[in-house]
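Here is the naming used below: chain letters follow the sequence lines, and residue numbers restart at 1 for every chain. Reckoned from all heavy atoms, side chains included, excluding hydrogens, waters and symmetry mates. Just so it is clear, the model here is predicted, and its values are computed rather than measured.
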2 protein chains.
Amino acid sequence: MNKKQQQTEQTKKKIADAARSMFAQKGYKATSIEDIVKATGCSAGNIYYHFKSKEGLFLYLIEDWNREWDQTWLVKEKQYATTIDKLYGMAEYLALDQLSHPLTKAANEFFNNSEKAPDVEERIHVIVQGYIDFNRQLLQQGIDNQELEAANVSGLAIILDSLLFGLNQHSRRMEREETLAAYRLAMDVFLHGIAKSTR
Amino acid sequence: MNKKQQQTEQTKKKIADAARSMFAQKGYKATSIEDIVKATGCSAGNIYYHFKSKEGLFLYLIEDWNREWDQTWLVKEKQYATTIDKLYGMAEYLALDQLSHPLTKAANEFFNNSEKAPDVEERIHVIVQGYIDFNRQLLQQGIDNQELEAANVSGLAIILDSLLFGLNQHSRRMEREETLAAYRLAMDVFLHGIAKSTR
DNA sequence: CACAATACTGAACATTCATTCAGTATTATA
DNA sequence: TATAATACTGAATGAATGTTCAGTATTGTG
């Protein structure tokens, strides 16, 4: 690898790391390019040399995070025998992961602001759709092997995403054990419901 | 009542209505005073004559909305015989409501954003806790009258809020019928789960 | 070495936006 | 009617900030 390429990679990482940390601390809007300039020691222009925009930088961080999740899950998935175990495993992972990734706070703020350029909306849509597809595949698997009721899989995938997304909001005000318990309970409910007389 | 008092009341309502609509549509930060000026036809100065600040205006709307929700629900609740019916009724109401629930999104954004004065933080926290308490009471009722499994009510109240909050995120990209179906399905799952073999 | 490509600088630009305030219009009061 | 109180205007302010760009430094290449 070139010294140039090496330099670029290093700088990009430096900016990404600082930005991630700032976004996590202060949120998306409250983090200015100036903040990242101060944190990295490199110029504003340099940030724009490596990333198209503030939005682009943030999306890069989210997508990077997702890539990491995919990789981790690919390994983690193998240790679970059933789909139900996988669901609990996923819930546990998300509960613990989110504790170390307060970036979700900024992500939520970012996703909730509506005035985005069409290409940004598109990237967000792809990201969200990725979560849904992931859920759908997992649920379909559970239906195929008779663990789950055959049902509206697409709808359930959205329900599951909603549940996890919403829970993430609340978990930010929870301790580790409380968060874990909440995620477990969420999966209990998702799987068995709360009504007294079952079908 | 005075013509002055009448005028004040009318203007305040006009500003509040426009602001509520804008905040619900665009979110808190993305809505500017200028937007409200355009929507109402009155001046920026006038908005500041009637409301202390943008923050103050927003908090006024949230608290106003809570009062209204309490009132509406008090009436609406009576038409449902069982707790389960109430849950479906609430889900339907939230699915169809075009204004109040989107405001929760703005409220969430508002709460998550950069540092607020302690009194503002406190006011928002009370509001969020109010939603949880509402859920808890509803669920406790269902447990008391044998409709729901006796369980960790506080935890379930958070699960329910998570589910509804997360679903609201998705419903932004849905049509009316799709939204209704999603909320109904969410309640189905919340009540009965998706696992094949029930307890 | 010469020239091109890449990496980077940082001041300047352009825009957004909450808030203020001096001043005007309208209404109440005595 | 005179004056005080209230309702309102809208331009100005000032601060924050994403983005650009002309220019410089460093590295690759032939």
> OP1, OP2 of D:dT9 versus side-chain N and O of B:Ser43: anything below 4.0 Å?
yes

> Is B:Tyr49 close enough to D:dA7 that one of its side-chain N or O atoms is under 4.0 Å from OP1 or OP2 there?
yes

> Starting at the 5' end of nucleotides 19-28 of chain C, put B wherever the base has a protein heavy atom under 4.0 Å, S where only the sugar-phosphate does, and a dash everywhere else.
BBB----BBS

> Using a heavy-atom cut-off of 4.0 Å across all strands, would you classify B:Thr31 as base, sugar-phosphate, or nothing?
sugar-phosphate

> What's the CE-P distance between A:Met22 and D:dG18, to the nearest Å?
11 Å

> With a distance cut-off below 6.0 Å to the six-membered ring centre and an angular limit of 45° from the axis, does B:Lys76 pair with B:Tyr93 as a cation-pi contact?
no

> Using the rule side-chain contact (heavy atoms from CB on, under 4.5 Å), only one of B:Ile158, B:Ile159, B:Leu160 pairs with B:Ser162; which is it?
B:Ile158

> Ring centroids only, cut at 6.0 angstrom: are A:Trp69 and A:Phe134 within range, meaning strictly under it?
yes

> Using the test side-chain hydrogen bond (donor to acceptor under 3.5 Å, both in side chains), find all partners of B:Glu9 that sit at least two apart in sequence or belong to another chain.
none

> May I ask you to evaluate whether A:Ser32 reaches the phosphate of D:dA16, defined as a side-chain N or O under 4.0 Å from OP1 or OP2?
no

> Between B:Glu34 and A:Cys42, just flag the one whose closest nucleotide in DNA chain C comes earlier from the 5' side.
A:Cys42

> Please report, rounded to the nearest Å, how far the C1' atom of D:dA7 is from the CD1 atom of B:Ile15.
11 Å

> May I ask you to say whether B:Arg136 pairs ionically with B:Asp133, meaning some side-chain N is under 4.0 Å from a carboxylate O?
yes

> Please state how far atom NZ in B:Lys38 lies from atom P in C:dC17, giving the value in whole angstrom units.
9 Å

> Between C:dC8 atom C1' and A:Lys14 atom NZ, what is the distance in whole Å?
11 Å

> Does the Lys NZ or Arg CZ of B:Lys29 fall within the cation-pi geometry relative to B:Phe110 - under 6.0 Å from the ring centre and within 45° of the axis?
no

> Please report, rounded to the nearest Å, how far the C1' atom of D:dT17 is from the CZ atom of A:Phe23.
13 Å

> Would you mind reading off the distance between B:Gln6 atom CD and D:dC8 atom C1', rounded to a whole angstrom?
17 Å

> Roughly, in whole Å, what's the span from NZ in A:Lys26 to P in D:dA16?
11 Å

> Under a 4.5 Å side-chain heavy-atom rule over Ile, Leu, Val, Met, Phe, Trp and Tyr, are B:Tyr48 and B:Met22 clustered together?
no

> Taking 4.0 Å as the cut-off, does a side-chain nitrogen or oxygen of B:Thr8 come that near to OP1 or OP2 on D:dT6?
no

